[in-house]
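For the numbers below, each heavy atom of this structure counts, side chains included, while hydrogens, waters and symmetry mates do not. All values derive from a computational prediction rather than experimental measurement.
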2 protein chains.
Amino acid sequence: MSTLDRAHAVLRVTADLVILTVRKGAMHVLVIERGNEPFHGMLALPGGFLRADETLEEAAGRELAEETGLDGGRLYLEQLRSYSDMERDPRGRVVTVAYLALAPDLPIPTAGTDARAARWEPVEKIMAAGLAFDHGRILADAIERARAKLEYTTLATAFCGDSFTVSELQDVYEAVWGVSLDRRNFNRKVTHAAGFIEPTGQKRQSAAGRPAVLYRRGPAATLSPPMLRATIDRNVD
Amino acid sequence: MSTLDRAHAVLRVTADLVILTVRKGAMHVLVIERGNEPFHGMLALPGGFLRADETLEEAAGRELAEETGLDGGRLYLEQLRSYSDMERDPRGRVVTVAYLALAPDLPIPTAGTDARAARWEPVEKIMAAGLAFDHGRILADAIERARAKLEYTTLATAFCGDSFTVSELQDVYEAVWGVSLDRRNFNRKVTHAAGFIEPTGQKRQSAAGRPAVLYRRGPAATLSPPMLRATIDRNVD
DNA sequence: TCAATAGTGTCTGTGAGACACTATATC
DNA sequence: GATATAGTGTCTCACAGACACTATTGA
């Protein structure tokens with residue numbers, strides 16, 4: 001315990017969250033308006049310091065529950081990566097471990113127990129306007145991770161509710177990737193991929209048109225062959 | 001600076017390294033024999049505490065240079081993930097950020113400036129025998145990451161030298177995945193994938209047989225379509 | 001019956017898997 | 001020429017992309 005070499009940095013660690021959802025055809029991120037210095041009044045990612053009696057996963061889950069009012073156990077949550085640049089926090093040396101959470105389109109994020117103003121904002125707008133600290137970079141990394149994961153995992157369903165239609169699932173892919181997909185090929189792909197989605201036997205009636213069959217998440221975690229994000233760069237020999 | 005809430009953990013951070021290579025048809029990992037308590041005499045992953053004046057990436061690169069004698073700039077190095085379980089280090093609260101490095105079959109890892117006994121060991125043997133701390137789990141995560149990355153990136157070449165034959169590249173895939181691949185299909189795949197490998201125009205003579213054409217790394221970072229790891233689980237309707 | 005959304009079928013081209021022969025070196 | 005390794009060609013099947021028609025609801 002006293003083997004502490006004086007060259008070793010002694011520091012604080014935060015768990016910050018990139019909580020993504022899809023609403024109205026666009027990817028949104030949960031941001032808070034900072035009530036304290038530094039960056040008072042600016043938008044930032046939710047997060048907080050790691051406490052002495054919890055792991056990073058517990059801290060991330062705690063922040064998730066505080067900011068969204070949801071119990072973190074129901075949302076998909078994975079570690080993104082760590083950030084340790086010297087100058088990233090004006091308060092001193094802080095290492096941040098960022099987490100990526102994927103959520104269905106929640107009614108509205110409750111303001112949270114610490115009464116910070118949390119709200120959904122389109123990622124496009126946020127990426128253009130910027131965030132406090134190096135949170136813009138963290139958000140960019142999270143978006144790229146989410147885009148990649150939609151290719152080779154079944155995680156797109158994490159953006160949907162417990163039951164969902166094929167159209168809703170396609171909306172997720174189109175919003176996250178920013179592309180449009182062929183409805184017929186998409187339907188064939190997701191219904192033929194083993195364990196991706198399962199019919200519930202129920203249907204849902206939208207405003208107009210034929211009712212859509214409802215599906216739930218299947219047991220598979222990965223998609224093989226993957227869903228292809230875009231037209232592949234073809235070799236030209 | 002004095003806004004430190006007493007609930008916040010103040011702790012030390014280490015950067016630990018999983019350095020993988022392929023030699024004699026098997027994946028190997030660089031391990032050190034611990035000279036101090038705790039876990040004196042046991043094998044562990046190389047690593048060390050983050051210093052006050054460096055980032056995690058710099059700490060990882062520094063450890064890499066110290067342990068292998070190579071300048072880290074020449075090796076592939078990526079962040080793996082963070083580990084923060086309460087009981088993972090008997091000395092107290094330590095959060096570790098693990099890094100994954102891929103190296104060609106180095107002549108021999110020099111003992112390093114801190115004179116710790118560093119050596120290559122087959123991952124299979126190490127996974128069976130265990131490691132100090134939670135390094136066994138970190139190694140398992142690193143291996144799974146490496147296996148996955150070989151599918152959809154061109155990282156296999158990081159295990160090879162500056163120039164290499166198709167056979168050597170195939171040996172990498174077979175060692176990392178623990179499978180055997182068809183030579184003819186493998187050759188077609190890697191030579192037709194845009195930007196994966198480029199012929200150098202030279203050849204290399206092995207002990208016997210026809211000389212093999214030498215290749216170098218191409219500009220592509222990702223493989224699409226990916227290299228398939230195994231026979232795909234087919235849907236049975 | 002019209003508008004709106006859901007669902008299905010076919011054709012084609014790329015590419016992976018299975019498989020056998022030819023080429024070029026050393027001994 | 002025997003042995004060892006390198007390199008290539010063909011067939012088939014899975015599946016992605018392009019594309020148009022049918023089905024089922026409410027207004």
Side-chain angles (χ1 to χ4, degrees), chain A residues 25 150-152 160 163-171 173-174 177 179-194 196-215 222-237, chain B residues 25 150-152 160 163-171 173-174 177 179-215 220 222-237:
Chain A
L150 257 58
E151 289 188 84
Y152 58 93
C160 300
S163 66
F164 49 87
T165 67
V166 173
S167 286
E168 289 169 352
L169 189 60
Q170 182 174 347
D171 288 343
Y173 275 95
E174 292 183 335
W177 286 348
V179 298
S180 68
L181 302 170
D182 184 89
R183 237 183 44 249
R184 297 157 291 192
N185 294 335
F186 183 84
N187 192 304
R188 180 183 57 197
K189 174 69 180 176
V190 298
T191 53
H192 284 53
F196 191 0
I197 59 175
E198 299 173 338
T200 63
Q202 296 184 305
K203 298 190 176 194
R204 176 187 298 164
Q205 180 63 55
S206 45
R210 178 174 170 176
V213 171
L214 284 173
Y215 292 85
T222 59
L223 271 182
S224 68
M227 183 89 65
L228 295 182
R229 193 193 306 206
T231 305
I232 298 163
D233 299 346
R234 292 284 163 218
N235 307 10
V236 189
D237 253 293
Chain B
L150 256 57
E151 288 188 86
Y152 57 94
C160 300
S163 67
F164 49 86
T165 68
V166 173
S167 286
E168 289 168 352
L169 189 60
Q170 183 174 347
D171 289 342
Y173 275 94
E174 293 184 333
W177 285 349
V179 299
S180 67
L181 302 171
D182 184 90
R183 238 184 42 249
R184 297 158 289 193
N185 294 335
F186 183 84
N187 192 304
R188 180 183 56 198
K189 174 67 179 176
V190 298
T191 53
H192 285 52
F196 192 179
I197 59 176
E198 300 172 337
T200 62
Q202 296 183 307
K203 297 190 176 192
R204 178 188 297 164
Q205 181 61 54
S206 47
R210 179 172 167 177
V213 172
L214 285 173
Y215 292 85
T222 60
L223 271 182
S224 68
M227 182 89 66
L228 294 182
R229 195 193 306 204
T231 305
I232 298 162
D233 300 346
R234 293 282 162 220
N235 307 10
V236 188
D237 257 295

### Task
Name all pairs fulfilling the salt bridge (Lys or Arg N to Asp or Glu O under 4.0 Å) condition that reach into residues 196-214 of chain B, sequence neighbours left out, sorted by first residue then second.
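Every pair satisfying salt bridge (Lys or Arg N to Asp or Glu O under 4.0 Å) with a residue in residues 196-214 of chain B: B:Glu168-B:Arg204, B:Glu198-B:Arg216.
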Using whole Å, what does the distance between atom [atom2] of nucleotide [N] and atom [atom1] of [X] come to?
X: A:Leu169; N: C:dA6; atom1: CG; atom2: P; answer: 13 Å
X: A:Leu181; N: D:dA18; atom1: CG; atom2: P; answer: 10 Å
X: A:Lys203; N: D:dG26; atom1: NZ; atom2: P; answer: 12 Å
X: B:Gln170; N: C:dG17; atom1: CD; atom2: P; answer: 12 Å
X: A:Arg204; N: D:dG26; atom1: CZ; atom2: P; answer: 16 Å
X: B:Leu223; N: C:dA16; atom1: CG; atom2: C1'; answer: 14 Å
X: B:Asn187; N: C:dG17; atom1: CG; atom2: P; answer: 14 Å
X: A:Phe186; N: C:dA6; atom1: CZ; atom2: P; answer: 12 Å

### Message
Within the structure provided, determine whether A:Phe196 and A:Lys189 are in side-chain contact (heavy-atom separation under 4.5 Å).
### Response
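Of all side-chain heavy-atom pairs linking A:Lys189 with A:Phe196, none is under 4.5 Å.
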#### Entry: Close side-chain approach of A:Tyr173 to A:Leu150, heavy-atom, < 4.5 Å
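Yes, close enough: below the 4.5 Å cut-off.
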With 3.5 Å as the limit, what N/O pairs link the protein to nucleotides 2-5 of chain D?
unit_1 : atom_1 : unit_2   : atom_2 : d
D:dT5  : O2     : B:Arg210 : N      : 3.3

### Message
Side chains of A:Asn185 and A:Arg188 only: does a donor on one sit below 3.5 Å from an acceptor on the other?
### Response
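Yes, a side-chain donor-acceptor pair sits under 3.5 Å.
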Just compare [options] and give me whichever is closest to any side-chain atom of [X].
X: B:Asn185; options: D:dA20, D:dG7, C:dC19; answer: C:dC19
X: A:Pro211; options: C:dA16, D:dA16, D:dT25; answer: D:dT25
X: B:Leu228; options: C:dG17, D:dT8, C:dA6; answer: C:dG17
X: A:Gln205; options: C:dA16, C:dG17, D:dT25; answer: D:dT25
X: B:Arg184; options: C:dC19, D:dG7, C:dA16; answer: C:dC19

### Task
Assign each of A:Leu214 and A:Arg188 to its nearest nucleotide of DNA chain C by heavy atoms, then name whichever residue's nucleotide is nearer the 5' end.
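Per heavy-atom nearest nucleotide, the more 5' residue is A:Leu214.
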### Message
Judged by each residue's nearest nucleotide on DNA chain C, which is more toward the 5′ side, B:Pro226 or B:Asp182?
### Response
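Nearest nucleotide further toward 5': that of B:Pro226.
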### Task
Mark yes when over 12 heavy atoms from residues, nucleotides or ligands other than A:Gln202 sit less than 6.0 Å from its CD; otherwise mark no.
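It does not: A:Gln202 CD has 12 such atoms or fewer within range.
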### Any residue meeting ring pair (Phe, Tyr, Trp, His ring centres under 6.0 Å) with A:Tyr215, in chain and number order, not counting sequence neighbours
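Here no residue qualifies.
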### Message
Please find the pair of heavy atoms, one from B:Ala194 and one from B:Ala220, that lie closest to each other, and give the distance.
### Response
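Of all heavy-atom pairs spanning B:Ala194 and B:Ala220, the closest is O-CB, 3.4 Å.
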### Query
Within the pair B:Lys189 and C:dG15, is there a side-chain N or O less than 4.0 Å away from OP1 or OP2?
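Result: no.
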